[in-house]
Amino acid sequence: MMNRTAFIKFRGNNSFLLHSLSSFQSGTHKASLHSNVSFLIHKITNLNDALELFDEMSHRQPLPSVVHFTQLLNAVTKMKHFSSSLDLFKQMCSLGVPVNEYSMSIAIKCCCQLYRSKDGFAVLGCCFRRAIAPDVYIFNALLDGLVLEDRILEAEMLFKKLIKQKLCEPDVVMYSTMIKGLCKFGNNVTALALLRLMEQTNCKSNIVTYNTIIDSLCKDKMIDDAFKLFKEMVFREGILPDVITYNTLICGLCKLGRWDEASKLLKEMEDENISPNVHTFNVLVDAFCKEGKVEEAEVVISIMIERGKALDLVTYNSLIDGYCLRGEMIKAREIFDSITLRGLIPDVVTYNSLLNGYCKNRNIEEAMQMFHEMIVKGWALCSCAQTL
DNA sequence: ATAGGGTTAG
């Protein structure tokens, strides 16, 4: 086993290592090689560091354990670099690291999040061939993948099959994922029925289950049903609402123009010691902008700034929409230009908003210029561009 | 022994 000093020497003048050196010296970590690997993995904050560490790990003799590789894979997956994570998984396999259900579940999750649930099921086949028993994490990843691809019938079939054939015991995540799928398909009735079915099992629903259905009801403008479910969750189930619950309900109220109730709820959440976050403020900004009430939106923004909340692209995109709606294209353009100055990168939604604004306000020259910029960025076929 | 999942805004 290598001690700490030897390990540091071994790593040479690598920037990532130097960066974590100070924490090493102040920490009380054991100097064993393996605790060092775990320690380094938990400090990963970007893809490059992760790839660098993987490369270094793969050259060790003996190889670090599957646990360490899986920890690293998990870090990459959490950063949403699904393709890279899959690449690393493949490299891991060719290095001869004995993969297990943990690493398999990450690989399957990555396939599914890349809209490649077909490949996810192929990896499931590998599990069976290698006598790795798929667990509930693996099946949840596959179920989520089918929902993501709008393959709701197959999702339902998989869900039913798992239960009928007792392939795994469905847990709250599996129920919630199936409920999300039903909601996505506009089937609130069946989603609620599934919530009721859960009550007859020993699998208890939680805040995510409720948030999912409450959100779906809000999106369908069934705000009163949403509140009924909200009250059931709090008073019958004793589940405390979180910031997502409040954001969802406030969004539902705002979209119906029920401002008084929205502001009451905003106060209620603060009374409950749940602070509004950027999401909350963005909901308000967007709702105001969609009604052309840009002044009110600007007031919300000044409160955000007061509270140290950084405006993000969603905030700016809403503002652009608001100014476009009022035909104030110079102001809209100013917001657009300020995005880059603040270190953010305008996305396809930003461009669409401004393009749309120019079209509706009959500024064809500016619109064409936007459109050409979008072509350069490869966004030419986006919906609003067709309004040209 | 160790490692993994689901919910909100433009």
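Each chain gets a letter, A, B and so on, in the order the sequences are listed, and its residues count up from 1. Predicted, not measured: the structure shown is a model, and the values here were computed from it.
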Figure out the [atom1]/[atom2] separation between [X] and [N], and round it to whole Å.
X: A:Tyr210; N: B:dT8; atom1: OH; atom2: P; result: 18 Å
X: A:Ile213; N: B:dT8; atom1: CD1; atom2: P; result: 13 Å
X: A:Ile41; N: B:dA3; atom1: CD1; atom2: P; result: 10 Å
X: A:Lys290; N: B:dA9; atom1: NZ; atom2: C1'; result: 9 Å
X: A:Asp171; N: B:dT7; atom1: CG; atom2: P; result: 14 Å
X: A:Met92; N: B:dA3; atom1: CE; atom2: P; result: 15 Å
X: A:Ile108; N: B:dG4; atom1: CD1; atom2: P; result: 17 Å
X: A:His42; N: B:dA3; atom1: NE2; atom2: C1'; result: 8 Å

Is the phosphate of [N], meaning OP1 or OP2, less than 4.0 Å from a side-chain N or O of [X]?
X: A:Lys180; N: B:dT7; result: yes
X: A:Asn74; N: B:dG4; result: yes
X: A:Lys255; N: B:dA9; result: no
X: A:Lys184; N: B:dG6; result: no

Aromatic-base stack, A:Tyr102 on B:dA3, cutoff 5.5 Å, angle under 30 |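 Yes; by the centre-distance and plane-angle rule, A:Tyr102 counts as stacking on B:dA3.
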
Under 4.0 Å, counting only non-hydrogen atoms across every strand here, what does [X] touch: a base, just sugar-phosphate, or nothing?
X: A:Thr209; result: base
X: A:Val172; result: base
X: A:Leu313; result: base

Hey, can you tell me if A:Tyr175 and A:Phe159 have their rings parallel, tilted or perpendicular (30° and 60° cut-offs)?
->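 It falls in the perpendicular class, over 60°.
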
With no angle test and no hydrogens, is the base of B:dG6 tied to the side chain of A:Thr177 by a donor-acceptor pair under 3.5 Å?
->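 No pair found.
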
May I ask you to check whether A:Asn356 and A:Ser353 show a side-chain donor-acceptor distance below 3.5 Å?
->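 On atom types as modelled, these side chains do not qualify, holding no pair under 3.5 Å.
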
Donor-acceptor side-chain pairing of A:Thr77 and A:Ser85 below 3.5 angstrom =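 Their side chains do contain a donor-acceptor pair, which is all the 3.5 Å distance test asks for.
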
What's the closest nucleotide to the side chain of [X] if the choices are [options]?
X: A:Asn100; options: B:dA3, B:dG4, B:dT8; value: B:dA3
X: A:Val173; options: B:dT2, B:dT7, B:dG6; value: B:dG6
X: A:Val208; options: B:dG4, B:dT7, B:dT8; value: B:dT7

Within a reach of under 6.0 Å around CG of A:Asp260, are more than 12 heavy atoms found that belong to other residues, nucleotides or ligands?
->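 At most 12 heavy atoms, drawn from other residues, nucleotides or ligands, come within 6.0 Å of this atom.
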
Is the shortest heavy-atom distance from the side chain of A:Leu192 to the side chain of A:Leu229 under 4.5 Å?
->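 Yes - at least one pair of side-chain heavy atoms lies under 4.5 Å apart.
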
